[in-house]
Protein chains: 2
Amino acid sequence: MSERRRSPVEPESIEPHMCSLDLRLEIIGKLPFFEGLPPAEIERINQSFREIGYQPGETIFFTGDPAVRLYVVASGKVKLMRHTFTGQDILVDILTPGDVFGSLSTLGDETYPNTAQAQTMVCALAINAEDFRRILATYPTVALKVLDMTSARLNEAQEMVRRLSAHSVEQRIAYTLLKLAEKLGEPQDVGLLIQMPLSREDLAGMTGTTTATASRVISQLQRDGLINSGRQWVAITDVEALREIAEGVGAH
Amino acid sequence: MSERRRSPVEPESIEPHMCSLDLRLEIIGKLPFFEGLPPAEIERINQSFREIGYQPGETIFFTGDPAVRLYVVASGKVKLMRHTFTGQDILVDILTPGDVFGSLSTLGDETYPNTAQAQTMVCALAINAEDFRRILATYPTVALKVLDMTSARLNEAQEMVRRLSAHSVEQRIAYTLLKLAEKLGEPQDVGLLIQMPLSREDLAGMTGTTTATASRVISQLQRDGLINSGRQWVAITDVEALREIAEGVGAH
DNA sequence: CGCGTTGAATGATCCAGCGCAAATAACCGC
DNA sequence: GCGGTTATTTGCGCTGGATCATTCAACGCG
C-alpha cells in the first residue's frame with residue numbers, strides 16, 4: 001500500500017493477467033447457481049463462458065445496447081445505473097462477485113435496461129444470452145436460483161420505491177449505508193468500514209438525491225458521531241443510531 | 001347498469017357463484033405460464049389450485065403474513081401495496097387476470113413483502129407455495145416464464161425508482177396514466193378510458209405523491225385538455241401531449 | 001327527492017431539498 | 001514539495017410539493 005494514500009478502503013488488487021481461465025473455473029465452481037450440479041455439468045457450463053477484464057470506470061454495456069450477453073462478476077465491483085435527464089445517474093445496484101447481470105428475461109428484452117460500469121478493476125464472465133437460456137432450460141435448479149435472485153432484487157427495488165415516496169434523504173442514506181455494511185462491511189478501527197470506493201456522488205445516485213445534499217447529510221452524520229468518512233469511504237460507528245434514523249424512530 | 005351511476009368505468013360483474021371450478025379450468029388453461037403443456041399436465045396442475053372469491057376492499061394477505069401461498073388473478077383486479085409511516089400506501093402494482101402474485105422466491109421469503117387487496121370483485125386461484133415450487137422444478141418452461149414476468153416487474157420497479165429520483169409529480173402521473181392506458185385502455189367517447197376504478201388516492205399511491213397533489217395535477221391536465229376525468233375514473237384525450245409531459249420534452 | 005357519506009378541489013402556509021457557486025481539502029503526477 | 005485536478009463542504013436563495021383545512025360535488029340509500 002502506498003504510504004501516501006489515506007483511504008481505509010483496499011483497492012481491488014486484480015492484475016490484468018489474473019482475469020484468467022483459472023479464475024473462471026474457480027468462480028463458476030463456487031457460484032450458488034450451479035451448486036449441486038455434477039462436476040461434468042459444471043465443466044460443460046464453464047465452456048460457455050469467457051472471461052473479460054475491465055478497468056475502473058470502463059463501461060461494460062450501455063442502456064439500449066442489444067442484450068446479447070449475460071455476465072457474472074468474478075471479481076471486483078460493478079455499478080448498475082440508469083440515466084436521468086438531470087445528468088445525475090441513479091445507481092440501481094452495486095454488484096459483487098457471484099452476481100449475475102445483463103438482461104435476465106429469456107424472451108423480452110432486446111436491449112439492456114441499465115448501464116453496467118466497472119467501479120473497480122473487474123473480471124467478468126460473459127455468456128451468450130441464448131446459451132444462458134439453454135442452461136436454464138436444462139437445469140431447473142439453476143432457473144429457480146436465478147428466479148430467487150431476481151425476486152430478491154424486485155423486493156429491494158420496491159422497497160426503494162417505498163422509501164423514495166415517503167422517507168427523507170437522511171433516512172434513505174442511513175438505510176443505504178446499513179445495507180452496504182451488511183454486504184461489504186468490515187470491522188476496522190475507523191468503524192464498520194464499507195469496503196468499496198463510495199463517493200458522495202455514488203451515495204446520491206443510490207438514494208435519489210444530489211451530490212451536494214448527500215454531502216450535507218454525510219457531514220451531519222459524522223458531526224453527530226454516527227459515522228467516520230473521508231474521500232470515497234464511509235465507516236459506521238453507531239449502527240443502532242443509524243438504524244433508528246433509517247426507520248424513522250423518534251421525532252419526526 | 002344503474003341509471004344513476006355516472007362513471008364510464010364498468011364494474012367487475014362477477015357474481016359470487018362465478019368464482020367456480022369451471023372458471024378455474026378456463027383460466028389455468030389460458031395462463032401463458034402453462035402454455036404449451038400437454039392437457040394431462042394442465043389437468044394435474046389444475047388440481048393443485050383452489051379458487052377464492054374476494055369483495056372489493058377485502059385484503060387477500062398483509063405484508064408480514066407467512067408466505068404460504070401463491071395466487072393467480074382469475075378475474076377482477078388486485079392492488080399490491082406497501083405501507084408507509086405516513087399512512088398513505090404506495091401502490092406497487094395493479095394486477096389483472098393472469099398475473100401471479102404472492103411471494104415468488106422459492107426459498108427466501110418467510111413473509112409477504114407486500115399487501116394484496118381486491119380492488120374490484122376478484123376471483124383468485126391459490127396454490128401452496130411448495131406445490132408451486134414443485135411445478136417450477138418439474139416444468140422448466142413454466143419457471144422461465146415466471147422468471148420473465150419477475151424480470152419485467154424488476155425493470156418497471158427500477159424505472160419507477162429512476163422517475164421518483166428525477167421527475168416531477170406531473171411527469172410521473174403522465175407516465176403512469178399512459179402505462180395504465182396501455183394495459184387497460186378502451187377507446188370511448190370520453191377518450192381512451194382506463195377501464196378500472198382509479199381514485200386520486202390510488203394515483204397518488206402509484207406515483208409517490210399525496211392525494212391532494214395528485215388531485216391538483218389531474219385538475220390541471222383536465223383544464224389543459226389532455227384528459228377527461230371524474231370520480232374514480234380517467235380517460236386520456238391527448239396521448240401525444242401526455243407522452244411529452246411524461247418524457248420531459250420541451251421547457252424544463 | 002333529501003340526506004348523509006365519500007371523494008375531489010382548492011387555498012394558504014411551510015419547508016426539505018435543489019441549484020448554483022465559491023471555498024476548501026485530498027489526491028496524484030512530476 | 002509543488003501545482004493541478006478532483007472531490008467535498010458549505011452558504012444562500014428558491015420552489016415544488018407536503019400539510020392541513022375548508023368547501024364543493026358526486027353518489028347511494030331510504
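None of the values given here were measured: they were computed from a predicted structure. Reminder, nothing fancy here: chain letters follow the sequence lines and each chain counts from 1. Just so you know, these numbers use all the heavy atoms, side chains as well, and skip hydrogens, waters and symmetry mates.
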- Message: At less than 4.0 Å, is any side-chain N or O atom of Ser215(B) found next to OP1 or OP2 of dA9(C)? Yes or no.
- Response: yes
- Give a yes-or-no answer on whether the side chains of Arg200(A) and Ser219(A) include a donor-acceptor pair shorter than 3.5 Å. no
- Note on the structure: So CD of Glu156(A) and CG of Asp93(A): to nearest 0.5 Å the spacing works out to 8.0 Å
- Hey, can you pull the residues of residues 189-200 of chain A with a non-hydrogen atom under 4.0 angstrom from DNA chain C? none
- Using the test side-chain hydrogen bond (donor to acceptor under 3.5 Å, both in side chains), find all partners of Thr176(A) that sit at least two apart in sequence or belong to another chain. none
- Task: With sequence neighbours excluded, tell me which residues meet salt bridge (Lys or Arg N to Asp or Glu O under 4.0 Å) with Glu51(B).
- Result: Arg24(B)
- Can you name the residues that form a salt bridge (Lys or Arg N to Asp or Glu O under 4.0 Å) with Asp202(A), not counting sequence neighbours? Lys79(A)
- Work out which heavy atom in Ala67(A) is nearest to a heavy atom in Ser103(A); give both atom names and the distance. CB-CB, 3.7 Å
Check the interface with nucleotides 16-18 of chain D: list each N/O to N/O pair with the protein under 3.5 Å, or write none.
unit_1	atom_1	unit_2	atom_2	d
dG17(D)	OP1	Val169(B)	N	2.8
dA18(D)	OP1	Thr209(B)	OG1	2.9
dA18(D)	OP2	Thr209(B)	OG1	2.8
dA18(D)	OP2	Thr210(B)	OG1	3.2
dA18(D)	OP2	Thr213(B)	OG1	2.3

Under 3.5 Å, which donor-acceptor pairs do the side chains of residues 231-240 of chain B form with other protein atoms, sequence neighbours left out?
unit_1	atom_1	unit_2	atom_2	d
Thr237(B)	OG1	Gly225(B)	O	2.9
Thr237(B)	OG1	Leu226(B)	O	2.8
Thr237(B)	OG1	Ile227(B)	N	3.2
Asp238(B)	OD1	Ala241(B)	N	3.1
Glu240(B)	OE2	Arg243(B)	NH1	2.7

- Message: Checking Arg162(A) now: which residues fulfil salt bridge (Lys or Arg N to Asp or Glu O under 4.0 Å) with it, not counting sequence neighbours?
- Response: Glu159(A)
- Can you tell me the distance, in whole Å, between the CD atom of Glu201(A) and the C1' atom of dG19(C)? 15 Å
- Within a reach of under 6.0 Å around CD of Gln88(B), are more than 12 heavy atoms found that belong to other residues, nucleotides or ligands? yes
- Looking at DNA chain D, which of residues 219-233 of chain B put a heavy atom within less than 4.0 Å of it? Arg231(B)
- Message: Quick test of your reading: applying ring pair (Phe, Tyr, Trp, His ring centres under 6.0 Å), list the pairs with at least one residue in residues 176-208 of chain A, sequence neighbours left out, ordered by first then second residue.
- Response: none
- Message: I want to know whether His83(B) and Phe62(B) have ring centres closer than 6.0 Å.
- Response: no
- Task: Please name all residues satisfying ring-ring contact (aromatic ring centres under 6.0 Å, His included) with Tyr71(A), sequence neighbours left out, ordered by chain then number.
- Result: Phe61(A), Phe101(A)
- Task: Mind calculating the distance between CZ (Arg163(A)) and C1' (dG17(C)) to the nearest angstrom?
- Result: 19 Å
- side chain to side chain contact (heavy atoms under 4.5 Å, CB included) filter on Ala157(A), not counting sequence neighbours, yields Leu154(B), Ala157(B), Gln158(B)
- Message: To the nearest 10°, give me the bend of the helix from dC1(C)-dG30(D) to dC30(C)-dG1(D), comparing the axes of its five terminal pairs at either end.
- Response: 50°
- Send over the distance from Ile218(A) CD1 to dT10(D) P, rounded to a whole Å. 13 Å
